[in-house]
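One structure is given below, encoded as structure tokens.
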Amino acid sequence: MPDLEYQPDAAYFDTMARHARTHWWYEGRRALVRETLRRFEVPDGPVLDVGCGTGDNLAMLADVTGRRVVGTDLSAYALRHAARGGSVIALAEDLPVASGVCGLVTSMDVVEHLDDDLVGLREYRRALAPRGLLLLTVPAYQWLWGDHDVRAAHRRRYRSGGLVSVVSAAGFGVLHTTYYNSFLVPPAAALRRTPLRRLMKETDEEVGNTSRFVSNVMTRLSNAERRFAVRGSVPFGLSILLVGRRLD
């Protein structure tokens with residue numbers, strides 16, 4: 001079960017910053033988000049990246065949209081790593097922007113941290129302009145709950161249908177949803193749900209140090225899967241991507 005008292009520490013964000021610019025997992029997520037956003041029209045207005053962490057998606061979002069990008073995060077320590085200016089400390093449930101101004105709100109691997117995801121998603125809707133675009137990524141499958149979720153201060157993991165339901169209840173029309181990182185489900189299941197977990201070090205996780213060979217293999221698998229995830233729907237995976245529009 002989720003440990004509601006735990007919050008990520010400085011070491012967690014240092015590790016994130018070290019991996020986020022070069023690790024295949026983060027690069028694959030950036031590529032998926034970038035190619036997915038190119039499919040949709042983003043209304044006028046700035047881009048808000050809620051829970052931007054160490055800020056490694058801000059430059060990509062500015063490049064793909066041509067808009068000003070502002071990041072928010074609860075952790076002042078995480079924002080020290082942000083490569084771009086304009087990032088501010090803020091709760092996802094209380095964003096420091098006027099209502100109806102943002103053309104795009106992104107929130108990558110964030111809403112699973114919120115005590116009440118519906119409250120957070122309604123705040124995202126408030127910040128968006130009419131017909132504004134929402135992009136989320138979240139971890140999949142509660143049955144894969146593990147020590148990494150505790151260290152990351154997750155409250156939950158999702159199935160696609162459950163994510164669609166809460167996003168719809170918050171006032172969005174869902175345009176696209178897909179699982180991704182499908183090739184990580186078998187090893188994650190083996191390492192989290194079988195006795196193999198006893199062989200793992202406490203800090204081991206699926207996004208960790210990898211050899212060049214493993215990184216190359218994972219990059220190739222991620223690239224191949226992305227062809228289906230951008231325009232179709234991958235039926236299972238370790239993560240979920242969703243795109244929605246604000247309904248008025």
Side-chain angles (χ1 to χ4, degrees), residues 8 11-40 42 47 49-67 69 71 73 75 78-84 87 104 106-113 135-140 144 148-149 151-152 154 157 176-188 191 203-234 236-243:
Y12 177 87
F13 288 114
D14 287 342
T15 300
M16 178 187 293
R18 187 169 64 252
H19 290 311
R21 292 175 177 83
T22 59
H23 193 280
W24 71 265
W25 189 93
Y26 290 97
E27 289 184 331
R29 187 180 66 176
R30 272 194 297 275
L32 176 60
V33 169
R34 180 173 58 246
E35 293 181 25
T36 299
L37 285 175
R38 286 175 175 159
R39 292 187 54 211
F40 299 97
V42 178
V47 176
D49 187 23
V50 181
C52 69
T54 55
D56 299 284
N57 294 309
L58 301 181
M60 175 272 292
L61 292 170
D63 179 67
V64 76
T65 64
R67 310 286 173 79
V69 181
D73 201 274
S75 170
L79 292 178
R80 294 180 190 177
H81 290 284
R84 296 171 61 89
S87 298
L104 168 66
T106 61
S107 199
M108 299 178 221
D109 292 274
V110 172
V111 297
E112 68 272 14
H113 295 266
L135 185 143
L136 305 174
T137 64
V138 298
L144 280 177
H148 170 65
D149 295 286
R151 292 195 300 275
H154 291 170
R157 301 175 72 94
H176 178 66
T177 184
T178 183
Y179 288 93
Y180 65 100
N181 287 337
S182 56
F183 49 90
L184 289 181
V185 172
L191 290 172
T203 57
D204 286 348
E205 53 183 274
E206 60 267 17
V207 184
N209 292 311
T210 57
S211 68
R212 180 173 296 181
F213 172 77
V214 171
S215 181
N216 287 339
V217 170
M218 294 300 184
T219 297
R220 289 176 180 271
L221 290 171
S222 179
N223 290 344
E225 179 190 68
R226 191 162 61 249
R227 300 190 191 104
F228 299 95
V230 169
R231 296 194 173 275
S233 183
V234 177
F236 67 93
L238 204 61
S239 299
I240 306 168
L241 178 142
L242 181 145
V243 179

Would Ser87 and Asp73 count as a side chain to side chain contact (heavy atoms under 4.5 Å, CB included) if you check the C-alpha gap in whole Å, the side-chain angles of each, and the deciding distance to 0.1 Å?
CA-CA 8 Å; Ser87 298; Asp73 201 274; over 6 Å; no
Ser222 OG to Arg227 CZ distance, which is reported to the nearest 0.5 Å:
10.5 Å
In Å, rounded to the nearest 0.5 Å, how long is the span from CD of Glu27 to CG of Leu32?
13.5 Å
Where is the tightest heavy-atom contact between Asp149 and Leu144, given as atom of each residue plus distance?
OD2-O, 3.8 Å
Val214 and Ser211 have their tightest heavy-atom pair at N-OG, 3.1 Å
Report, as yes or no, whether the 6.0 Å neighbourhood of atom CZ on Arg220 holds more than 12 heavy atoms from other residues, nucleotides or ligands.
no
Might you work through the side chain to side chain contact (heavy atoms under 4.5 Å, CB included) test for Asp109 and His154, ending with a clear yes or no?
CA-CA 9 Å; Asp109 292 274; His154 291 170; 6.0 Å; no
Rounded to the nearest 0.5 Å, what's the gap from CZ on Arg231 to CD on Glu35? Could you check?
9.5 Å
Less than 3.5 Å apart, any donor N or O on the side chain of Asn223 or Arg226 sitting next to an acceptor on the other?
yes
Ala140 to Gly237 - nearest heavy-atom pair and separation
CB-O, 3.3 Å
In terms of heavy-atom contacts, Pro139 and Glu112 come closest through CD-CD, 3.2 Å
Quick one: pull up CG in Leu37 and CG in Leu61 and give me the separation to the nearest 0.5 Å.
7.0 Å
Rounded to the nearest 0.5 Å, the CG atom of Leu238 sits from the CH2 atom of Trp25 at a distance of 8.5 Å
Locate the shortest heavy-atom distance separating Phe236 from Tyr179; write the atom from each residue and the value.
C-CB, 3.2 Å
With respect to Arg29, which candidate in Asp56, Asn181, Asn57 satisfies the side chain to side chain contact (heavy atoms under 4.5 Å, CB included) definition?
Asn57
Val42 backbone acceptor or donor facing Arg67 side chain under 3.5 Å
yes
Drop me the distance from Met60's CE to Arg34's CZ, to the nearest 0.5 angstrom.
7.0 Å
Exactly one of Val234, Leu241, Val230 should register a side chain to side chain contact (heavy atoms under 4.5 Å, CB included) with Tyr180. Which one does?
Leu241
Flag yes if more than 12 heavy atoms outside Phe228 fall under 6.0 Å of its CZ atom; otherwise flag no.
no
Provide the closest heavy-atom pair for Ala152 versus His113 in the form atom of the first, atom of the second, distance.
O-CE1, 2.6 Å
